[in-house]
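As structure tokens, the structure follows; a few thoughts come after it.
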Amino acid sequence: MLSKKIEEAINAQINAEMWSAYLYLSMAAYCHLMGQTGMARWNEVQFKEEQDHAKILFNYVIQRNGKVTLSPIKAVPTEWKSLLDVFESILEHEQKITAMINKLFALSTEENDYATQSMLKWFVDEQVEEEENAQTIIDNLNMIKDNGFGIFMLDKELGARVYAQAAPLANSTL
Ligand code: FEO
């Protein structure tokens with residue numbers, strides 16, 4: 001059984017993950033507009049990953065006999081100054097998500113909720129990867145600057161990203 005505090009915090013996290021999904025889809029639209037189909041694809045894969053993150057939490061609340069409460073998803077930005085601005089915004093956003101996950105982890109410690117802690121470990125590791133991915137692309141863009149060929153090559157590389165369902169969903173019957 002989940003405590004009310006944990007249930008509320010996980011429901012807030014579900015909303016944050018859905019907002020993230022919406023943000024990445026908006027970024028994909030912007031990248032398409034800028035003619036960067038590879039970067040758009042990268043963001044579309046991330047859009048799917050974020051929905052997985054929300055679903056992992058959704059499934060967990062149900063497994064623990066809790067109540068999932070879906071709240072409205074707030075509007076997301078639709079304009080960025082540049083491609084670099086997109087990926088810098090991603091890093092900033094993922095750092096905020098990491099802070100939310102850490103807070104949730106700390107709350108589960110306070111509440112002696114070890115099952116929630118165990119479930120959250122996957123998210124702790126995932127956030128390391130999410131921040132690293134954004135940072136790598138920022139580093140590449142900073143190196144390339146306005147070099148058209150460099151942008152072309154990076155766009156090709158990012159377009160090769162393939163969606164893979166998040167591991168915690170693999171054996172789920174929910
Ligand atoms: Fe679900 Fe990108 O954090």
Side-chain angles (χ1 to χ4, degrees), residues 2 6-32 36 38-64 66 68-78 80 83-108 115-141 154 157-172 174:
L2 291 173
I6 295 274
E7 189 181 86
E8 272 171 27
I10 297 179
N11 274 312
Q13 193 66 40
I14 291 173
N15 188 265
E17 301 292 347
M18 291 304 291
W19 191 86
S20 301
Y22 207 35
L23 175 68
Y24 281 108
L25 192 60
S26 185
M27 286 169 163
Y30 173 82
C31 291
H32 273 301
Q36 305 300 320
M39 291 186 197
R41 182 178 169 80
W42 188 95
N43 277 289
E44 280 166 26
V45 170
Q46 193 62 33
F47 161 66
K48 289 185 193 155
E49 285 201 3
E50 297 300 346
Q51 290 177 81
D52 279 1
H53 298 173
K55 189 62 167 56
I56 294 166
L57 296 162
F58 175 100
N59 288 358
Y60 178 74
V61 173
I62 289 169
Q63 274 183 310
R64 298 291 307 280
V68 169
T69 309
L70 299 178
S71 316
I73 300 165
K74 288 197 183 120
V76 290
T78 55
W80 288 269
L83 296 167
L84 179 61
D85 188 29
V86 168
F87 289 95
E88 283 177 340
S89 303
I90 288 175
L91 180 59
E92 199 183 315
H93 171 66
E94 290 300 343
Q95 285 165 342
K96 280 186 196 152
I97 295 290
T98 301
M100 282 185 81
I101 295 289
N102 288 347
K103 229 170 132 184
L104 197 44
F105 199 93
L107 181 66
S108 64
T116 295
Q117 231 173 41
S118 175
M119 180 275 296
L120 287 173
K121 273 192 184 146
W122 183 87
F123 283 88
V124 171
D125 295 340
E126 177 72 5
Q127 283 311 119
V128 172
E129 204 181 292
E130 301 263 88
E131 288 188 29
E132 185 191 5
N133 287 346
Q135 186 64 62
T136 302
I137 299 169
I138 290 168
D139 292 345
N140 286 339
L141 283 168
L154 181 62
E157 185 188 319
L158 296 181
R161 186 179 187 189
V162 176
Y163 164 75
Q165 189 184 46
L169 293 177
N171 300 316
S172 171
L174 290 172

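Here, residue 1 is the first one in the sequence, and each next residue gets the next number. For ligands, and for the atoms within them, numbers begin at 1 and follow the listed sequence.
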Original post:
If you leave out waters, which protein N, O or S atoms are less than 2.8 Å from atom 1 (Fe) of ligand 1?
Top reply: E17 OE1, E50 OE1, H53 ND1

Original post:
How long is the gap from CE on M27 to CG on N43, to the nearest 0.5 Å?
Top reply: 6.5 Å

Original post:
Can you tell me how far the CD1 atom of I62 sits from the CG atom of L57, to the nearest 0.5 Å?
Top reply: 11.5 Å

What donor-acceptor contacts under 3.5 angstrom involve side-chain atoms of residues 83-93, with partners at least two apart or in another chain?
unit_1: D85; atom_1: OD2; unit_2: K81; atom_2: N; d: 2.8
unit_1: S89; atom_1: OG; unit_2: D85; atom_2: O; d: 2.7
unit_1: H93; atom_1: NE2; unit_2: S20; atom_2: OG; d: 2.8

For residues 134-141, dump all side-chain donor-acceptor pairs below 3.5 Å to protein atoms at least two apart in sequence or in another chain.
unit_1: Q135; atom_1: NE2; unit_2: D139; atom_2: OD1; d: 3.0
unit_1: T136; atom_1: OG1; unit_2: E132; atom_2: O; d: 2.9
unit_1: N140; atom_1: ND2; unit_2: T136; atom_2: O; d: 3.4

Residues 96-105, side-chain donor-acceptor partners within the protein, below 3.5 Å, at least two apart:
unit_1: T98; atom_1: OG1; unit_2: E94; atom_2: O; d: 2.9
unit_1: T98; atom_1: OG1; unit_2: Q127; atom_2: NE2; d: 3.1
unit_1: T98; atom_1: OG1; unit_2: E131; atom_2: OE2; d: 2.6

Original post:
So, does R41 use its side chain to make a donor-acceptor pair with the main chain of L158 at under 3.5 Å?
Top reply: no

